[in-house]
Amino acid sequence: MSLKLNPNSGLAFLNEKGLERSEKAPKFKGEIEFEGRRIEVAVWERKTSNGKTMLCFNVADAVEAELDRVEKRREYLHNIKNAGK
C-alpha cells in the first residue's frame with residue numbers, strides 16, 4: 001500500500017477481489033504503521049457461539065510478507081516452467 005499513514009495508526013479496506021476468489025479470504029486488508037514499521041493486517045468477521053460478531057486479526061511485517069509472496073510466485077512459475085519439460 002502506498003498511503004501515508006500517521007504513526008501508530010492504520011487503515012483497512014474491504015477485500016473485494018479476495019472475497020470473489022474465496023469465502024475464506026479476509027473481509028478487510030490493510031496496513032498499520034507501528035513504531036516506524038509497516039505491518040500488514042488482515043481482518044475476518046466471525047460469529048461467537050452465542051451469535052455475537054467479533055473480528056479476528058492476522059498481522060505480519062509488510063516487508064517480510066512481500067518477500068514471502070515473491071518467493072511463492074517464483075516457485076509457482078518455476079514449477080510451471082518445469083512441468084512443460
Side-chain angles (χ1 to χ4, degrees):
M1 228 178 246
S2 62
L3 294 172
K4 175 81 170 123
L5 298 174
N6 292 324
N8 300 325
S9 68
L11 298 167
F13 296 94
L14 185 62
N15 182 21
E16 293 173 355
K17 286 184 181 180
L19 292 169
E20 288 173 4
R21 289 186 225 135
S22 171
E23 62 185 38
K24 293 183 179 184
K27 187 165 186 175
F28 296 92
K29 290 184 80 174
E31 286 190 359
I32 298 168
E33 181 162 327
F34 182 68
E35 296 182 353
R37 291 180 49 203
R38 285 281 215 193
I39 308 293
E40 285 189 356
V41 62
V43 183
W44 289 263
E45 187 177 293
R46 302 279 192 249
K47 296 287 184 186
T48 65
S49 58
N50 63 359
K52 292 187 177 187
T53 300
M54 69 176 176
L55 300 177
C56 300
F57 297 85
N58 185 21
V59 296
D61 181 276
V63 173
E64 291 297 323
E66 183 64 23
L67 290 172
D68 187 48
R69 280 191 295 275
V70 168
E71 180 60 24
K72 286 179 181 176
R73 179 71 177 159
R74 189 195 67 74
E75 288 176 17
Y76 170 76
L77 292 172
H78 179 76
N79 291 337
I80 288 174
K81 177 182 171 186
N82 290 336
K85 291 183 178 181

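Quick note: numbers below take in every heavy atom, side chains included, and nothing from hydrogens, waters or symmetry partners. Since the structure is predicted, the reported quantities are computational estimates derived from the model, not experimental observations.
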Q: Please report the shortest heavy-atom distance between Glu40 and Ala65, naming the atom on each side.
A: OE1-CB, 3.4 Å

Q.
Quick check: do Val41 and Asn58 have side-chain heavy atoms less than 4.5 Å from each other?
A. no

**Q.** Spatial distance of atom CD (Glu45) from atom CE (Met54) [nearest 0.5 Å]
**A.** 10.5 Å

Can I get a per-line list of side-chain donor-acceptor pairs under 3.5 Å for residues 15-28, giving both atom names and the distance, sequence neighbours left out?
| from | atom 1 | to | atom 2 | distance (Å) |
| --- | --- | --- | --- | --- |
| Asn15 | OD1 | Gly18 | N | 3.2 |
| Asn15 | ND2 | Pro26 | O | 3.0 |
| Ser22 | OG | Lys24 | N | 3.1 |

Q: Could you tell me whether Glu64 and Arg38 have a side-chain N and a carboxylate O separated by less than 4.0 Å?
A: no

Q) Salt-bridged, Arg74 to Glu71, with N to O below 4.0 Å? A) yes

(Q) Set out, in order, the CA-CA distance, both residues' side-chain angles and the distance that settles side-chain contact (heavy atoms from CB on, under 4.5 Å) for Lys47 and Thr53, then state yes or no. (A) CA-CA 5 Å; Lys47 296 287 184 186; Thr53 300; 2.8 Å; yes

Q) Is there a chain of hydrophobic side chains (I, L, V, M, F, W, Y, each step under 4.5 Å between heavy atoms) that links Phe57 to Leu14? A) yes

Q: Go through the steps for Leu11 and Leu5 under the test side-chain contact (heavy atoms from CB on, under 4.5 Å), then give the verdict.
A: CA-CA 8 Å; Leu11 298 167; Leu5 298 174; 3.7 Å; yes

Q.
Let me confirm one number: the CG-CG distance from Asp61 to Leu67, rounded to the nearest 0.5 Å.
A. 9.0 Å

Q) Is any side-chain heavy atom of Trp44 closer than 4.5 Å to a side-chain heavy atom of Leu55? A) no

(Q) With heavy-atom distances below 4.5 Å as the criterion, would you say the side chains of Ile39 and Glu31 are in contact? (A) no

**Q.** Residues, nucleotides or ligands: over 12 heavy atoms within 6.0 Å of Arg37 CZ
**A.** no

